[in-house]
Protein chains: 2
Amino acid sequence: MSGRRGGRPTLEEVAARAGVGRGTVSRVINGSPRVSEQARAAVARAVAELGYVPNQAARALAGSRTDAVALVIPEAEARLFAEPYFLDLIRGVSAELADADKQLLLTLVRTAQERQRFEQYLAAQRVDGVLLASVHGDDPLPDRIRDLGIPVVMNGRRSEAEPVPYVDSDNIGAGRAAVARLVGRGRRRIATVTGPLDMYVARARLGGYRAGLAEAGHAPDEGLVATGDFTEEGGRRAMRELLDRRPELDAVFAASDVMAAGARAALREAGRTVPGDVALVGVDDSPVARLMDPPLTSVRQPIEEMGRTMARMLLRRAAGAPEEEPKRVLPTELVVRDSC
Amino acid sequence: MSGRRGGRPTLEEVAARAGVGRGTVSRVINGSPRVSEQARAAVARAVAELGYVPNQAARALAGSRTDAVALVIPEAEARLFAEPYFLDLIRGVSAELADADKQLLLTLVRTAQERQRFEQYLAAQRVDGVLLASVHGDDPLPDRIRDLGIPVVMNGRRSEAEPVPYVDSDNIGAGRAAVARLVGRGRRRIATVTGPLDMYVARARLGGYRAGLAEAGHAPDEGLVATGDFTEEGGRRAMRELLDRRPELDAVFAASDVMAAGARAALREAGRTVPGDVALVGVDDSPVARLMDPPLTSVRQPIEEMGRTMARMLLRRAAGAPEEEPKRVLPTELVVRDSC
DNA sequence: ACCAGGAATGGGAGCGCTCCCACATTAGGG
DNA sequence: CCCTAATGTGGGAGCGCTCCCATTCCTGGT
């Protein structure tokens with residue numbers, strides 16, 4: 001049989017032992033300043049002696065706050081994306097929450113029905129805030145949550161002018177840095193494999209690519225742009241398309257490492273060497289990048305740091321802190337390997 | 001001041017609306033059979049009309065159960081391992097819990113201090129059960145939790161005779177299947193790169209390798225066994241060692257895909273072709289396997305299914321269900337690609 | 001016709017906290 | 001010396017449920 005509470009001490013018992021009232025113990029536990037040193041010490045001792053741990057359920061019920069934060073990840077994305085991405089994100093969020101003694105509630109959302117259930121869940125007041133990963137351009141969930149009065153922070157944004165607080169990486173800078181590197185290595189015909197253009201992240205990287213070319217004085221050529229979908233297969237297909245359209249290309253910026261891997265395979269099929277015939281740059285600096293042959297030059301995003309930042313922002317808002325900058329864009333960094 | 005926090009309806013209000021008592025509503029909500037059809041219908045209508053959602057904190061407080069389950073992952077492992085592993089595991093656990101309307105509390109444990117905190121957390125009665133991933137041979141945590149009277153299920157086991165309930169994959173079978181394949185392809189000098197031998201999973205795969213050789217009538221040769229640590233670098237080092245000791249080897253069973261990738265790199269360095277000179281088999285069937293050149297034959301573990309099974313077992317135990325088989329070993333499956 | 005026994009139900013009594021009000025107690029200011 | 005204003009403090013009043021007991025209403029057996 002589970003969980004008959006084995007005589008776990010209560011606030012009341014601590015109070016009795018310390019010779020003070022319930023209120024005082026509560027104040028000490030919650031770090032209120034309105035307590036004398038003497039009382040504080042007495043309570044601290046009683047807590048230690050009894051091994052007291054506050055009952056969270058009671059706290060949540062009485063205080064209507066839960067000390068828990070939900071991280072929502074759409075399941076479809078979890079499969080699609082360079083998977084380690086989410087693990088890194090989780091790691092960052094988890095670290096920051098642990099420091100604040102908050103709990104991480106992970107929610108993978110699979111179906112519309114599960115989404116529904118999640119909204120219900122939120123309505124049940126079970127979390128102090130919500131972190132959203134990988135939100136698509138037309139997703140109403142963020143606004144919905146905000147309207148419910150629950151603090152939200154997103155990873156990435158739905159559009160340039162995102163109204164909901166978010167933490168993003170500098171995707172434009174990523175595209176730019178990749179192109180700059182390619183140009184610096186003497187490449188002249190630089191193509192790109194983009195992500196699905198209904199995602200802001202894909203448009204931003206493409207924008208960076210274009211900006212990079214413009215800065216280098218290259219004329220734009222739409223024939224050098226092919227759309228992928230962040231999958232390996234999509235990368236492969238897009239690469240074939242590019243080779244078909246512009247056989248003379250000598251470099252490719254793939255908007256993700258996984259697509260770069262697909263592109264690499266297509267290049268091999270076509271008998272092109274990397275980086276000899278075609279130089280290749282990806283984005284994510286995921287493990288695949290290191291394992292590819294040749295190892296892939298890639299633009300690193302500070303994923304874990306994004307997770308930490310999101311959690312920090314959320315906690316601050318949940319605590320009702322003074323409104324600070326609700327939009328944060330973290331820098332990316334080119335990691336040079338052998339593919340260019 | 002009226003505590004009209006967001007005006008969420010309470011059980012009491014539902015009762016009033018349905019024209020029944022609090023007890024009856026509670027019974028309906030919790031699916032007790034002791035309710036007339038009529039009352040059930042009235043309550044159901046009131047619930048729908050009011051959009052009632054039970055307050056979880058109150059439930060937990062009154063009923064001492066939380067509807068939440070913790071999944072504990074040692075942070076060190078999360079980095080080391082083929083990372084998608086944990087994402088798959090999480091996916092399985094999450095799916096099963098969602099079906100049961102339970103919450104998943106993810107805990108990455110970094111330091112000894114965090115471990116400490118986690119135990120405190122358990123003491124605070126905040127979860128109905130605990131799932132443990134990647135437990136090392138000498139880890140006392142599982143027993144500790146069990147002694148606290150909290151249901152536990154582990155992923156993998158610490159030793160052959162694990163006392164704590166677990167779900168594992170058939171690692172011996174995995175080694176055997178890999179070797180059988182290699183033998184079937186006419187390989188005669190089959191080496192292996194193992195994981196760290198203080199982990200049962202590594203010993204089991206090695207055991208399978210040996211069993212496979214024995215079954216094929218090959219004489220054992222300890223020179224064909226090198227120890228890695230489940231990292232790419234470890235795989236590379238072990239492979240160099242093997243080439244050094246037994247240059248005539250013509251096949252390698254690596255106990256993980258990541259190590260296989262390392263081994264592949266070492267083979268390339270040494271000028272050996274795959275699968276021409278040396279055939280290669282890994283374990284995990286991770287994305288890396290597909291992306292390698294040539295694509296890697298690998299033994300797939302049903303990771304997501306393990307996650308589901310763990311969650312299912314845990315929920316059943318938490319519900320005080322009749323003691324069923326507490327040890328479950330799921331089958332593995334060889335996925336053939338070009339590396340052998 | 002009567003009563004035992006079961007089914008359905010209402011509602012009191014908490015669960016262990018936080019909130020907040022009332023009550024000291026002490027320290028100045030006039 | 002009284003009066004206000006801080007400062008600590010105790011404890012009542014819930015928070016919204018579940019548990020469980022008492023009550024009512026219905027069976028069917030004798």
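Note that the coordinates shown come from a computational prediction; the quantities given were computed from them, not determined experimentally. Numbers restart at 1 for each chain; the letters A, B, ... are given by sequence-line order, proteins then strands. For the numbers below, each heavy atom of this structure counts, side chains included, while hydrogens, waters and symmetry mates do not.
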Whole-Å distance separating the [atom1] atom of [X] from the [atom2] atom of [N]:
{"X": "Leu11(A)", "N": "dG14(D)", "atom1": "CG", "atom2": "P", "value": "19 Å"}
{"X": "Gln56(A)", "N": "dC15(C)", "atom1": "CD", "atom2": "C1'", "value": "14 Å"}
{"X": "Arg22(A)", "N": "dC23(C)", "atom1": "CZ", "atom2": "P", "value": "17 Å"}
{"X": "Asn55(B)", "N": "dC17(C)", "atom1": "CG", "atom2": "C1'", "value": "13 Å"}
{"X": "Glu12(B)", "N": "dC17(D)", "atom1": "CD", "atom2": "P", "value": "9 Å"}

Query raised in the report: For every nucleotide of nucleotides 20-27 of chain D, 5' to 3': is a protein heavy atom under 4.0 Å from its base (B), only from its sugar-phosphate (S), or from neither (-)?
Result: B-------
Main-chain N/O of [Y] paired to [X] side chain as donor or acceptor, under 3.5 Å:
{"X": "Arg40(B)", "Y": "Gly31(B)", "answer": "no"}
{"X": "Gln301(B)", "Y": "Ile303(B)", "answer": "no"}
{"X": "Lys102(B)", "Y": "Leu315(B)", "answer": "no"}

Tell me which donor-acceptor pairs under 3.5 Å the side chains of residues 18-28 of chain A have, and how far apart each pair is, sequence neighbours excluded?
residue, atom, partner, partner atom, Å
Ser26(A), OG, Asn30(A), ND2, 3.4

Requested in this report: Would you please test Ser94(B) and Arg110(A) for side chain to side chain donor-acceptor pair (under 3.5 Å) and show each step?
Outcome: CA-CA 10 Å; Ser94(B) 161; Arg110(A) 260 154 291 261; 2.8 Å; yes
Report task. Please test Tyr166(A) against Arg157(A) for side chain to side chain donor-acceptor pair (under 3.5 Å), starting from the C-alpha separation and ending with a verdict. Result -> CA-CA 6 Å; Tyr166(A) 63 83; Arg157(A) 45 187 146 165; 3.0 Å; yes
**Report entry** Comparing Val25(B) and Ala58(B) on DNA chain C - which has the more 5′ nearest nucleotide
**Finding:** Val25(B)
Reckon [X] has a side-chain N or O less than 4.0 Å from the OP1 or OP2 of [N]?
{"X": "Thr24(A)", "N": "dG8(D)", "answer": "no"}
{"X": "Ser36(B)", "N": "dA7(C)", "answer": "no"}
{"X": "Ser26(B)", "N": "dC17(D)", "answer": "no"}

Flag the pair [X] / [Y] as yes when at least one side-chain heavy-atom distance between them is below 4.5 Å, and no otherwise.
{"X": "Asn155(A)", "Y": "Met306(A)", "result": "yes"}
{"X": "Val153(B)", "Y": "Leu132(B)", "result": "no"}
{"X": "Phe118(B)", "Y": "Val130(B)", "result": "yes"}
{"X": "Met310(B)", "Y": "Leu89(B)", "result": "yes"}

Query raised in the report: Which residues within residues 37-54 of chain A lie with some heavy atom under 4.0 Å of an atom in DNA chain C?
Result: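 Tyr52(A), Pro54(A) - these, ordered by number, are the residues of the stretch whose heavy atoms sit under 4.0 Å from the strand.
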Query raised in the report: Of all of residues 28-35 of chain A, which get a heavy atom below 4.0 angstrom from DNA chain C, listed by number?
Result: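 Those residues whose heavy atoms fall under 4.0 Å from DNA chain C, taken from residues 28-35 of chain A in numerical order, are Asn30(A).
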Query raised in the report: Measuring from Arg91(B):CZ to Leu108(A):CG, what's the distance to the nearest 0.5 Å?
Result: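 One finds 7.5 Å between CZ of Arg91(B) and CG of Leu108(A).
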Query raised in the report: Less than 4.0 Å between a side-chain N and a carboxylate O, is that true for Arg65(A) and Asp128(A)?
Result: no
Query raised in the report: Taking 4.0 angstrom as the limit, do Glu49(B) and Arg45(B) come out as a salt bridge?
Result: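 Judged by the 4.0 Å cut-off on N to carboxylate O distance, Glu49(B) and Arg45(B) do form a salt bridge.
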Report task. Rounded to 10°, tell me the angle between the two end axes of the helix from dA1(C)-dT30(D) to dG30(C)-dC1(D), each built from five pairs. Result ->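 Both end axes considered, the difference amounts to 50°.
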Requested in this report: Mind checking side-chain contact (heavy atoms from CB on, under 4.5 Å) for Glu96(A) and listing every partner two or more places apart, or none if nothing turns up?
Outcome: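 So Glu96(A) forms a side-chain contact (heavy atoms from CB on, under 4.5 Å) with Arg308(A), Ala311(A), Arg312(A).
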